[in-house]
Amino acid sequence: MVMEAIPFVLVGVLISGLIQIFVKESWIARIMPRNRVLSTLCGCGIGMLFPSCECGIVPVTKRLIGKGMPLHAGIAFMLTGPIINPIVLFSTYIAFGNDWGMTAIRAGLALAVAFAVSMTIALFVKEPPFRIPLPQHAAGLEHGAQLPAKRISTGRKLYDVVVHAIEEFFSVGKYLVLGAFIAACMQTFVPTSYLLHIGGNPITASLVMIALAFIISLCSEADAFIAASFRSTFSTGSLSAFLVFGPMIDIKNTLMLLAVFRAKFVIVLIGLITVFTLTGSLIVGRLFD
């Protein structure tokens, strides 16, 4: 899992470094709608532009929020980015025998869950619950303040990107390694046959697949191939729960989130994702099973 995840962590921290150095706060403030619904939809849409799995999405999200993106829009991006980007959708298409059906179900359910979670956060969480508060650049811009312009060479900026990426990589990497170790222990000592045995009805089947997605902690580029191997055992609804929940939250991702956000917020976020994913998978099961 570590070897599988590290390339995507590298992509994530490099994107984070590029955002930190090259993206101006005024750009984020200009393109992000003030309306909660529109900004949430915008956050979901931005996820299509970043081919990053959940292993590297947390530092990117942290940087975007620090640059002025609203918290709920950042969460929408974080939840959809690992699922609706072209690489993951194409891997899902291949895994399910060149069938666009499950690909569309995965993308649609991911967008629905991310939108519901983000709108709930928009209503009840007013300030970004970072463990270490970030500078509020965007707040100053909203009141007409102007950041001092500095001339920095392109070479210096690229150097700063690399330095930032290295620092972010070691900050996130230790949680990745710990999370992968815990996930490997659970895969070794919790028999998969036991989980399959209790998945006898739609609700418990979806709960089992949600738990399995959390435990296995696969990268979203590879999880569709695991889900496809369960087609003869689990329904379309429960498979969709696996394909949506895992990229949104798993063991290593949870530890990365705990490094950035307060524990109470992470617990609430996991609860919301679980409830909306379970509900959505039951609806999918009614429609397609």
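The chain is numbered in sequence order, starting from 1.
- The backbone N or O of F276 lies less than 3.5 Å from no partner atom in the side chain of T279, so there is not a single donor-acceptor pair.
- Residue-environment remark: CZ (F90) stays at or below the threshold of 12 foreign heavy atoms within 6.0 Å.
- Here the side chains of T254 and M256 are not in contact, with every heavy-atom distance at 4.5 Å or above.
- The side-chain heavy atoms of M248 and V113, taken from C-beta on, include a pair separated by under 4.5 Å.
- Screening T92, N98, I94 for a side chain to side chain contact (heavy atoms under 4.5 Å, CB included) involving T103 leaves a single residue, T92.
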Is there a side-chain contact (heavy atoms from CB on, under 4.5 Å) between V260 and R131 once you walk through the steps?
CA-CA 6 Å; V260 174; R131 289 183 61 188; over 6 Å; no
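- F115 and M69 fall into different hydrophobic clusters, where Ile, Leu, Val, Met, Phe, Trp and Tyr side chains are chained together by heavy-atom contacts under 4.5 Å.
- Rounded to the nearest 0.5 angstrom, S281 OG and M209 CE are separated by 10.5 Å.
- Taking all atoms of both residues into account, the shortest heavy-atom contact from A114 to A76 is CB-O, 4.2 Å.
- Here the closest non-hydrogen pair linking L243 and A227 is CD2-CB, 3.6 Å.
- Ring geometry, F230 versus F234: the interplanar angle exceeds 60°, so the pair is classed perpendicular (tilted spans 30 to 60°).
- Between the CG atom of D223 and the CD1 atom of I83 there is a distance of 8.0 Å, given to the nearest 0.5 Å.
- The number of heavy-atom neighbours closer than 6.0 Å to CG of L41, taken from other residues, nucleotides and ligands shown, is above 12.
- P70 places a side-chain heavy atom less than 4.5 Å from the side chain of M32.
- The side-chain heavy atoms of N85 and L89, taken from C-beta on, include no pair separated by under 4.5 Å.
- No side-chain heavy atom of F124 sits under 4.5 Å from any side-chain heavy atom of V268.
- For the residue pair I57 and G81, the shortest heavy atom distance occurs at CD1-CA, 4.5 Å.
- Summarising the geometry, atom CG belonging to L282 is positioned 11.0 Å from atom CG belonging to L287; distances are rounded to the nearest 0.5 Å.
- Linking Ile, Leu, Val, Met, Phe, Trp and Tyr residues whenever their side-chain heavy atoms come within less than 4.5 Å places I105 and I283 in a single cluster.
- With a 4.5 Å cut-off on side-chain heavy atoms, L239 and F288 do not count as touching.
- What you find for A224 and F96 is that their closest heavy atoms are O-CE1, 3.8 Å.
- Judged by distance alone, the side chain of S240 and the main-chain N or O of G237 form a donor-acceptor pair under 3.5 Å.
- L272 and M119 fall into different hydrophobic clusters, where Ile, Leu, Val, Met, Phe, Trp and Tyr side chains are chained together by heavy-atom contacts under 4.5 Å.
- Ion pairing between D99 and R231 fails under the 4.0 Å rule for side-chain N and carboxylate O.
- The CG atom of N201 sits 8.5 Å away from atom CG of L207, with the distance rounded to the nearest 0.5 Å.
- Residue L258 is grouped with residue F169 when hydrophobic side chains (ILVMFWY) are merged at heavy-atom distances under 4.5 angstrom, including chains of intermediate members.
- Side chains of P247 and R106 form a contact here, defined as non-hydrogen atoms less than 4.5 Å apart.
- Separation of atoms SG (C44) and CD1 (I84) is listed at 6.5 Å; rounding is to 0.5 Å.
- Hydrophobic cluster membership is shared by I270 and F130, with clusters built from Ile, Leu, Val, Met, Phe, Trp and Tyr side chains linked at under 4.5 angstrom.
- Ring pair F214/F245 is tilted by interplanar angle, where 30° to 60° counts as tilted.
- Residues F242 and I226 form a side-chain contact, since some pair of their non-hydrogen atoms from C-beta on lies under 4.5 Å apart.
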Any chance you could lay out the side-chain contact (heavy atoms from CB on, under 4.5 Å) test for H72 and S39, step after step, and finish with the verdict?
CA-CA 8 Å; H72 58 275; S39 60; 2.7 Å; yes
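- In plain terms, the two heavy atoms of D250 and N253 that are nearest each other are OD1-N, 2.8 Å.
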Given the rule in the side-chain contact (heavy atoms from CB on, under 4.5 Å) test, do M78 and L257 qualify, once you have shown the distances and angles that lead to the verdict?
CA-CA 11 Å; M78 185 181 74; L257 287 170; 3.7 Å; yes
Verdict with reasoning, F77 to T40, per side-chain contact (heavy atoms from CB on, under 4.5 Å):
CA-CA 8 Å; F77 160 73; T40 299; over 6 Å; no
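- A pairwise comparison of heavy atoms in S91 and V88 identifies OG-O, 2.7 Å as the closest pair.
- The line from OG of S217 to CG of L212 is 10.0 Å long, rounded to the nearest 0.5 Å.
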